[in-house]
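Below: the structure, in structure tokens.
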Amino acid sequence: MIPVNEPLLSGSEKKYLNECIETGWISSEGPFVKRFEDQLAATVGRRHGIAVCNGTAALELAVASLGLEAGDQIVMPTFTIISCASAIVRCGCVPLLVDSDPLTWNIDVKKLREKIEYEIGQKGNRRIKAIMAVHIYGLPVDMAPVMELAERYGLKIIEDAAEMHGQTYSGRPCGSFGDLSVFSFYPNKHITTGEGGMVLTDNDHLAERCRSLRNLCFQPQKRFVHEELGYNFRMTNLQAALGVAQLERLNEFVVRKRRMGQRYTELLMDVAGLELMPAHTDYADNIYWVYGMVLKDDVPFDAEEAMRRLGQKGIGTRPFFWPMHEQPVFQKTGLFGEEKHTVAERLARRGFYIPSGMALTDAQIEEVAAEVKDLFKIGV
Ligand SMILES: *Cc1c(COP(=O)(O)O)cnc(C)c1O
């Protein structure tokens, strides 16, 4: 079986973990946590890093730190991971959904503009407070129009860069755009801590809010007296030790991912039934966090069937995200009514990704590509 993801832990990981054990520092009080926060913040060019237990928690912390009121709204893509919507909903706020761009699979910035101009400009909706920009799979969101809209309408930006460590938009690091930006270090991300996440910001006040909310809102003077309810989202020193080791190799990992993506593209670009992600846009080179593909409409089987057949050949796959407006959990409450977002709906049904982990070898890439090609030889 070629797994859909396998991380590379062959650098200083063991050494730093041993240091934790030998010194007895295993909790969030240990020195690797601050080191990891400072180093990732420096890599992305931000003032503050707040390490947390996973990327979903980082998103929730980012939303919570804004201090929004119940019923306030945050605009986000429908095609993303549930973490984005759940962070908003758990803070008592409401997600407003926008469809995807059919080429980059990111939020369609033209539709985003129309939505915001209609809601705020025409309807006078004053409840929209932020945009959650989520970089999906390999290419960043077109940030210039997002920033322009945020500026014009006084909206905050939460940037979900969970899949974009080491990626840039017009030469500037992803994760440096949001008022708050978020990373995940799940083992399928470019760098991993097993489980882990981080919020980054340049804003001293938001950083302070995030630090306090992460740690149950303990107060420095009266520790067990609470003005506010927080979370225990702390990252352990063990996780951060892994993070510091992984970060040492980030540049190498990015080169490796790009090479893997280019190799897959060379092998698959002539397959008539497949839509592949563009290798670049005018603002970024694809970083191929995962190697995704979409079955063209005239292919007589869907992604589920393709994944089933690949699984029989020992090839690990994952489906694409399932859109937020089609999530049973939200349909039960009628959160998004009868909304339709046809691009995202199609991506969910026709899209999937193939093994893309850091430990993938050239020989495995060739084998996977050959099996993908074979899907189309078998026919119906
Ligand atoms: C992985 C991911 C997350 C969630 O991170 P976890 O660490 O798994 O909780 C959030 N957003 C995006 C876009 C992701 O890919």
Side-chain angles (χ1 to χ4, degrees), residues 4-5 7 36 40 44 49-64 74-91 95 97-98 100-101 104-107 130-141 143 146 157-167 169 174-175 177-178 180-200 210 214 231-236 238-240 242-243 246 257 277 286-292 318-324 327 344 347-348 351-353 356-358:
V4 74
N5 174 66
F36 185 39
L40 187 69
V44 180
I50 301 97
V52 293
C53 51
N54 58 63
T56 302
L59 280 167
E60 192 164 342
L61 208 57
V63 177
I74 298 179
V75 188
M76 60 170 279
T78 188
F79 184 72
T80 183
I81 190 166
I82 191 82
S83 311
C84 301
S86 69
I88 295 172
V89 170
R90 284 195 201 281
C91 290
L97 302 178
V98 175
S100 308
D101 178 293
T104 67
W105 311 336
N106 279 304
I107 193 165
I131 300 169
M132 189 180 279
V134 188
H135 308 300
I136 306 271
Y137 295 163
L139 290 166
V141 173
M143 289 306 295
V146 174
I157 296 176
I158 296 171
E159 182 189 2
D160 183 345
E163 304 172 357
M164 291 296 129
H165 316 243
Q167 177 60 297
Y169 171 89
C174 288
F177 290 90
L180 297 137
S181 307
V182 166
F183 285 97
S184 161
F185 312 112
Y186 190 71
N188 65 357
K189 309 296 159 121
H190 293 155
I191 59 172
T192 182
T193 61
E195 299 284 350
M198 202 180 296
V199 181
L200 297 173
C210 285
R214 163 180 73 175
Y231 309 83
N232 178 353
F233 282 166
R234 301 182 301 253
M235 174 185 272
T236 68
L238 297 163
Q239 292 166 299
L242 284 175
Q246 289 267 295
K257 275 270 161 148
M277 242 186 308
N286 204 320
I287 201 167
Y288 299 106
W289 170 59
V290 291
Y291 199 86
R318 281 278 183 288
F320 271 13
F321 294 129
W322 197 254
M324 293 306 109
Q327 294 290 343
L347 290 175
F352 63 99
Y353 65 86
S356 313
M358 211 57 82

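Heads up: numbering here begins at 1 and tracks the sequence. All ligand and atom numbering here is 1-based and tracks the order in the structure.
- Looking only at atom types and distance, the side chain of Gln246 has no donor-acceptor partner in the side chain of His190 under 3.5 Å away.
- Residues forming a ring-ring contact (aromatic ring centres under 6.0 Å, His included) with Tyr291 (at least two apart in sequence, or on another chain): Tyr264, Tyr288.
- No side-chain heavy atom of Ile107 sits less than 4.5 Å from a side-chain heavy atom of Val134.
- The ring-ring contact (aromatic ring centres under 6.0 Å, His included) check on Phe321 picks up Phe79, Tyr137, with sequence neighbours excluded.
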Which atom pairs, nitrogen or oxygen on both sides, join ligand 1 and the protein at under 3.5 angstrom?
{"residue": "ligand 1", "atom": "5 (O)", "partner": "Ser184", "partner atom": "OG", "Å": "3.2"}
{"residue": "ligand 1", "atom": "7 (O)", "partner": "Gly55", "partner atom": "N", "Å": "2.7"}
{"residue": "ligand 1", "atom": "7 (O)", "partner": "Ser184", "partner atom": "OG", "Å": "2.7"}
{"residue": "ligand 1", "atom": "9 (O)", "partner": "Gly55", "partner atom": "N", "Å": "3.3"}
{"residue": "ligand 1", "atom": "9 (O)", "partner": "Thr56", "partner atom": "N", "Å": "2.8"}
{"residue": "ligand 1", "atom": "9 (O)", "partner": "Thr56", "partner atom": "OG1", "Å": "2.6"}
{"residue": "ligand 1", "atom": "11 (N)", "partner": "Asp160", "partner atom": "OD1", "Å": "3.4"}
{"residue": "ligand 1", "atom": "11 (N)", "partner": "Asp160", "partner atom": "OD2", "Å": "2.6"}
{"residue": "ligand 1", "atom": "15 (O)", "partner": "Glu163", "partner atom": "OE2", "Å": "2.5"}
{"residue": "ligand 1", "atom": "15 (O)", "partner": "Lys189", "partner atom": "NZ", "Å": "2.8"}

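- Every residue two or more places apart in sequence or in another chain was checked for a ring-ring contact (aromatic ring centres under 6.0 Å, His included) with Phe352, and none qualifies.
- Looking at Phe185, Trp289, Tyr186 one by one, the single match for ring pair (Phe, Tyr, Trp, His ring centres under 6.0 Å) with His165 turns out to be Phe185.
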